[in-house]
Amino acid sequence: MEWSEHGFELGKVGSGAGVRGMTLRDHAIRYGFIVLLFGLVAYFAIAADGFVSPQSAVFIFQSVAITGVLALGVTATLVVGGFDLSIGSVATSAMMAASYVMVVLEQNAVVAVVACLLIGAIVGLINGWLIVYMRVPDLLATLGMMFLLVGLQRIPTEGRSIATGMTMPDGSVANGKFSDAFLALGRHRFDFFIPNLIPVSVVVLLVLAVVIWFFLEYTRFGRMMYAVGSNERAAELAGAPVKAYKIWAYVISGVFASIGGILLAARLGRGDIASGNNLLLDAVAAALIGYAVLGAAKPNAFGTAIGALFVGILLQGLTMMNAPYYTQDFVKGVVLVVALVFTFALSGRGRG
Amino acid sequence: MVGNAVFRVEGLRKSFGRNEVLGGVSLDLHAGEVTVLMGANGAGKSTLVKIISGVYERGGGTMTLASQDFAPAKPAEAIRAGVVTVHQNINDGVVADLDVATNLTLDRLSGKGAPTLFNPARVRREAKAVADRMGLTIDLKARVSDLSLADRQMVAIARALAHQPKVLILDEPTSSLSSAEADRLFALIDRLRDQSVAILYISHRMSDIRRLADRIVSMRDGVISGVFDAKPLDYEGAVNAMLGRKIHLDQIVARDSVKAVLTVEGLRIAQGAKPISLTLGDGEVVAITGLVGVGKTALAETLFGVRKPLAGTMTMNGKPYMPRSAGDAIAAGVFLVAKDRATSGIVGDFNIERNVSLPFLKRMSNLSVLKRRLERATARRQIEELSIVCRSEKDEMSALSGGNQQKVMVARWMAQDATLFILDEPFQGVDISARRDIAAKLRASANGRATLLFVTELDEALETADRILVMSEHTIVGEHRNADVDLDRLLAEVAGGPLHSAA
């Protein structure tokens, strides 16, 4: 990790600024959250039977896969100093669209996937356009888009869920079905030492995490996006097309959310109007928890992935210790608040 | 002037940390008189105003209002005592979503004795009284957000005057007004002068100052550097006291350039401004000087492609140069160290290394993947080149002093070879040694490009440039070879007086 290098090198010692050593506090800020994560794992390993097993680990990853993909996307908008509240509804819209394409229009898996990705990209473009050119504040623009999509995805089926054999508004019966190739996205498991271990969704999560991490940390586009988020005018005067970067961030967010929606549809095997309620809040929480990882105090892909994992481990452990399901949201909220205190109060580097 | 001062400040001091901003300021204001306060950025004007208006606590000295001790602990106390300030930002003085009448009486809606219930009829009646007293003809039911800037300004001033002040402070009130709008403001100020209000008027605009001033007080480096009240007023003297030479440094050896790099013809950067023509040569350092608000930054931004000129052509090395964005300008080799590094230069989340590499990421990457080793090597080389004091290239910008932060900004743009290198107020908030380092570096590396500086302080131009151009009213009014500068003529040009001989 690049940011772990800060403060270790004692190169030229100059006057003025004074030497900043690594104090206990710095260590606490930098490694506190990682230590907490390992502590949690150690605790559950002792307290909950069967917590330490490949299956359990895979289950944790699987439980956070869709949330994690969405969180990685929203990280891109956080990097440019924006926010995307529409990701949850983009994901459910993509899920409904995939179902509609296959069940009602009787198309194959490729068409369904392409349709979903297009929806994500178009919504991202519209979000970016609203924010950059129409000057609507990011929270409001994407909130509006969220409502719009929640409503829109119900119109084609008059508010019904989509499944093979459903009756359409005009009285006909939809006879298409989810193609096997599409369902494999939700059900196939790759061999990894143990046969049939790792689900496709987990592989997608890991690949996307590496891709977005590399993009943000190691390419000039990612670097410029951070510059835009930190000082827009300075980035512009350094020659960056600031508006384009902002719009791209929302397109990334939209596309990632639609990938999440594809995975959700493949897992459920139907277009369930009631699913995906928690996606937005969980994804945003993961991205914000990510601020606290390694004392980054800024949105970052690695932190987001760890943030998603953290929540997954906590919930899995608690479930295995028979904590009731209704305490889950409370626990997530506590983790988020603690992480935010880590980021803003302790490190003192809060972004205005 | 005769008569006792209504308001008197004596030996006023103020420090922020170790940094002394006011070093014993004494100032008198008289009833029925407009005193103009002039001073460059950082001279301490706004600190002085904030102490008088009760925003800051003074560090030492006394203030008296009508021979009574005056020590406001907060702005409301100053207003109640009769010392009213209209701040530079117009929208700080009005509530945009309320109507004019409510704005005019806003201060009566809170505080002791204010009625609990809002009575619109009474508010309108009181507002009308305030408006009439000032000759204000704005519709009292109009929402302030629907008014023009000038009308808002009038409302802000009228609101201030509802307290019937003895002393009125106006902080650069015309900075966002058109000249017709400013005329209305001046008429109002004349009216107040006749009503025996003592007015302190802070401005850089010579045309305002010529129109209004009964006295001029110049401020420099936290002290009063000149008081001018003999008629006719000595405007050049006032400018000299504010900007002129204070220390005689070694004259630089002015160089002449033979090869033109950039030729500008008929460039108009503001409505109603005369066109600008200039030529910048290879290897020379040219400084453009002039008061704040005469269009220096506008010209810099036009050359850098982030502002569109109204007319004119630019030619660089024989080819037409018409940048439409900063990206275009950078691609053509035109680099700008922008004014005010905190808002338009430094990326706060980035360390030194990443701040240096920012504009040239494309040149420092392979298939868009950053070459981090090259990035680091560049940062290290630039830290060395400009002798930036830091622990390593990984230091956060906030750990550096102002002078070193500015060096990083200069280092950023010197990492690659420029065709035209523009620096807008590069010495603002920079200590003297960093300023010398930067100036020396600019001169030493000047060959192979044209270098253009925009500076308000004359000293900075005199100790850095081969040639000095003077700007006034959004155009260039004078040119001097920095060998034996006729300082009187230069100051007259800066002051925009009738003395000036246009270049």
Side-chain angles (χ1 to χ4, degrees), chain A residues 2-21 26 78-81 214-245 291 295-300 347-352, chain B residues 301 304-306 325-331 335-351 354-355 357-372 375 380 383-384 387-396 398-404 409 412-413:
Chain A
E2 192 280 329
W3 49 82
S4 62
E5 294 171 17
H6 285 286
F8 284 118
E9 283 184 346
L10 279 173
K12 285 173 255 175
V13 176
S15 64
V19 179
R20 296 170 305 156
D26 292 339
L78 291 169
V79 165
V80 295
F214 185 83
F215 175 79
L216 288 174
E217 289 299 319
Y218 287 93
T219 70
R220 63 187 174 94
F221 305 112
R223 179 70 66 76
M224 258 318 173
M225 282 171 67
Y226 274 113
V228 168
S230 176
N231 186 343
E232 198 175 317
R233 178 152 173 82
E236 191 177 356
L237 289 176
V242 168
K243 288 177 174 163
Y245 275 113
Y291 281 32
K298 60 178 186 183
N300 66 95
S347 79
R349 267 191 59 186
R351 298 152 58 86
Chain B
E301 289 179 351
F304 191 58
V306 292
S325 68
D328 282 0
I330 293 167
F335 302 161
L336 169 71
V337 176
K339 183 167 132 172
D340 192 359
R341 60 179 173 271
T343 58
S344 40
I346 293 171
V347 176
D349 284 354
F350 285 7
N351 57 21
R354 293 179 173 206
N355 264 292
S357 64
L358 189 70
F360 304 115
L361 292 177
K362 202 171 183 175
R363 300 177 200 185
M364 288 194 199
S365 52
N366 195 352
L367 295 173
S368 295
V369 177
L370 293 165
K371 295 187 210 159
R372 291 206 170 187
E375 201 183 353
R380 285 194 172 151
I383 287 170
E384 195 76 26
S387 23
I388 295 167
V389 180
C390 60
R391 289 187 303 138
S392 83
E393 72 281 358
K394 300 275 182 219
D395 277 6
E396 297 296 328
S398 56
L400 303 182
S401 69
N404 280 302
M409 292 298 105
R412 168 192 286 177
W413 293 102

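What's counted below: heavy atoms across the whole structure, side chains too, no hydrogens, waters or symmetry copies. Order of the sequence lines fixes the chain letters, A, B, ..., with proteins taken first and strands second; residue numbering starts at 1 for each chain.
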Q: Between chain A and each of B:R341, B:E375, B:R412, count heavy-atom pairs under 4.5 Å; write down the option with the most.
A: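 Highest number of pairs under 4.5 Å: B:E375.
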
Q | Options B:S344, B:P359, B:A331, ranked by heavy-atom pairs under 4.5 Å with chain A, top entry | A | B:S344

Chain A heavy atoms under 4.5 Å from [X]: which part of the residue, side chain, backbone, both or neither?
X: B:K371; value: neither
X: B:L370; value: both
X: B:S325; value: neither
X: B:I346; value: backbone
X: B:V306; value: side chain
X: B:F335; value: neither

Working to the nearest 0.5 Å, report the span between [atom1] of [X] and [atom2] of [Y].
X: B:E301; Y: A:L237; atom1: CD; atom2: CG; answer: 7.0 Å
X: B:D349; Y: A:N231; atom1: CG; atom2: CG; answer: 9.5 Å
X: B:N366; Y: A:R220; atom1: CG; atom2: CZ; answer: 11.0 Å

Smallest separation among heavy atoms of [X] and [Y], with atom names:
X: A:F221; Y: B:S368; value: CE1-OG, 3.1 Å
X: A:A234; Y: B:V347; value: CB-CG2, 4.1 Å
X: B:A326; Y: A:E236; value: CB-O, 3.3 Å
X: A:S230; Y: B:G348; value: OG-N, 3.3 Å

**Q.** Per-residue contact mode, A:F214 against chain B (heavy atom under 4.5 angstrom)
**A.**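 Contact with chain B is through the side chain of A:F214 alone.
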
Q) Hey, are the side chains of B:R372 and A:E217 touching, using non-hydrogen atoms and a 4.5 Å cut-off? A)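 A side-chain contact exists here, since the closest heavy-atom pair is under 4.5 Å.
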
Q.
What verdict does the side chain to side chain contact (heavy atoms under 4.5 Å, CB included) test give for A:R223 and B:S357, after you've listed the backbone C-alpha separation in whole Å, the side-chain angles of each residue and the deciding distance to 0.1 Å?
A. CA-CA 10 Å; A:R223 179 70 66 76; B:S357 64; 3.7 Å; yes

